[in-house]
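Just below is one structure, and these are the notes that go with it.
Heavy atoms only: backbone and side chains are in, while hydrogens, waters and symmetry mates are out. Values in this document were obtained by computation on a predicted structure and should not be read as measured data. Numbers restart at 1 for each chain; the letters A, B, ... are given by sequence-line order, proteins then strands.
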Protein chains: 2
Amino acid sequence: MADPLLLYPGYSLRRAASAMMGEFAQRLAPLSLRFADSSAMMMIAANPGITASALGRMLDIQRANMVPLLNRLETAGLIERKPLDGKSHSLALTAEGQDKLDKVTAVVSEFEAWLLARIPEEHRAHFKPALDALWRD
Amino acid sequence: MADPLLLYPGYSLRRAASAMMGEFAQRLAPLSLRFADSSAMMMIAANPGITASALGRMLDIQRANMVPLLNRLETAGLIERKPLDGKSHSLALTAEGQDKLDKVTAVVSEFEAWLLARIPEEHRAHFKPALDALWRD
DNA sequence: ATAGAATTGTTATATCTCATAACAACAGAG
DNA sequence: CTCTGTTGTTATGAGATATAACAATTCTAT
């Protein structure tokens with residue numbers, strides 16, 4: 001079967017990302033977290049007191065879509081929302097959230113190591129720089 | 001703002017793929033096609049007579065999800081379904097589909113060139129091989 | 001200081017993508 | 001010829017993502 005799509009780096013990018021997201025989601029599932037949940041928790045931990053809007057900007061998630069995400073994390077007892085001024089809320093991990101975060105970072109580290117190991121070493125060092133050039137500018 | 005996610009190649013992969021898909025979708029929009037539509041058309045053109053199931057297998061799209069995709073292309077007059085045996089259907093582009101495909105390949109070529117140009121040249125040759133190692137195995 | 005502009009959190013809604021289960025009709029292997 | 005697997009399809013649900021609207025609030029510039 002001829003596969004003309006195999007010629008295109010853009011198609012490889014899509015398929016690789018989809019495959020890796022699937023793998024990662026599977027590894028995350030035992031923690032009852034989604035991908036966006038785990039990123040949000042890591043970002044909140046690194047920036048305690050961050051507001052929902054600022055968080056959404058860093059994760060490239062619309063303000064409106066942050067609401068169910070944060071509700072989910074709050075309902076699960078993982079984060080806390082505190083009014084900051086009359087408008088913004090300040091986000092922080094709870095103790096339980098910290099515990100969960102430790103498990104998340106363990107999963108992430110293992111996953112990232114696994115991912116990198118799949119890339120032939122002669123290409124490995126070029127992987128992230130090449131990707132970053134495509135979205136950070 | 002600290003961004004711990006920037007350390008992770010997997011996160012870069014996701015963000016880069018999402019950014020590139022957005023760009024590509026925008027370039028494809030004037031043709032009134034979605035990403036999956038364009039891939040399906042390119043694959044059908046390269047493999048005239050392919051069945052829906054085989055096409056789905058190559059594109060990694062479930063059989064069930066091929067139905068609305070192919071309905072869309074057929075309704076738009078771009079492809080034709082012919083009964084092959086009592087079970088399978090054979091897919092082919094119509095003349096109109098060929099015209100559209102020419103426009104699609106033009107968009108794809110321009111997009112892929114634009115994408116590669118964004119990658120610093122010292123990383124460029126490593127990009128696709130690294131990605132392919134993540135999903136073709 | 002104050003009017004106009006921009007931001008925040010939120011609700012509601014729509015679309016797209018993708019996964020699963022079920023089913024009847026059919027083909028192919030042993 | 002029977003059993004097994006495949007095909008196309010319907011129906012359905014989950015997840016992600018985009019937009020518009022809104023009230024409350026803060027910021028900006030004169």
Atom [atom1] of [X] and atom [atom2] of [N]: how far apart are they, to the nearest Å?
{"X": "B:Q26", "N": "D:dA18", "atom1": "CD", "atom2": "C1'", "result": "13 Å"}
{"X": "B:Q62", "N": "D:dG15", "atom1": "CD", "atom2": "C1'", "result": "15 Å"}
{"X": "A:I50", "N": "C:dG9", "atom1": "CD1", "atom2": "P", "result": "10 Å"}
{"X": "A:L33", "N": "D:dG15", "atom1": "CG", "atom2": "P", "result": "12 Å"}
{"X": "B:D60", "N": "C:dA19", "atom1": "CG", "atom2": "P", "result": "7 Å"}
{"X": "B:M66", "N": "C:dC18", "atom1": "CE", "atom2": "C1'", "result": "13 Å"}

Side-chain ([X]) to main-chain ([Y]) donor-acceptor, under 3.5 angstrom:
{"X": "A:S38", "Y": "A:F35", "result": "yes"}
{"X": "A:K128", "Y": "B:S12", "result": "no"}
{"X": "A:Q98", "Y": "A:L93", "result": "no"}

Problem - Donor-acceptor pair (no angle test) under 3.5 Å: A:N65 side chain, D:dA16 base - result: no
Problem - Proximity to DNA chain D (any heavy atom under 4.0 Å), residues of residues 67-94 of chain A only - result: A:D85, A:G86, A:K87
Practice task
Between D:dT19, D:dA11, D:dT7, spot the one nearest the side chain of B:A64, thanks.
Solution key: D:dA11
Does [X] put a side-chain nitrogen or oxygen below 4.0 Å from OP1 or OP2 of [N]?
{"X": "A:S53", "N": "C:dG9", "result": "yes"}
{"X": "B:R34", "N": "C:dT17", "result": "yes"}
{"X": "A:R63", "N": "C:dT7", "result": "no"}
{"X": "A:R14", "N": "C:dT17", "result": "no"}

Handout entry: Criterion side-chain contact (heavy atoms from CB on, under 4.5 Å) on B:L33 and B:M41, from CA distance to verdict
Key = CA-CA 10 Å; B:L33 289 177; B:M41 287 183 68; 4.0 Å; yes
Practice task
Before accepting this row, confirm whether a basic side-chain N of the pair B:E23/B:R27 lies closer than 4.0 Å to the acidic partner's carboxylate O.
Solution key: yes
Practice task
Run the numbers on B:L131 and A:F127 for side-chain contact (heavy atoms from CB on, under 4.5 Å), then give the verdict.
Solution key: CA-CA 8 Å; B:L131 291 170; A:F127 184 63; 3.7 Å; yes
Completion exercise
The single option from A:D37, A:L59, A:T105 that satisfies side-chain contact (heavy atoms from CB on, under 4.5 Å) with A:M42 is A:T105
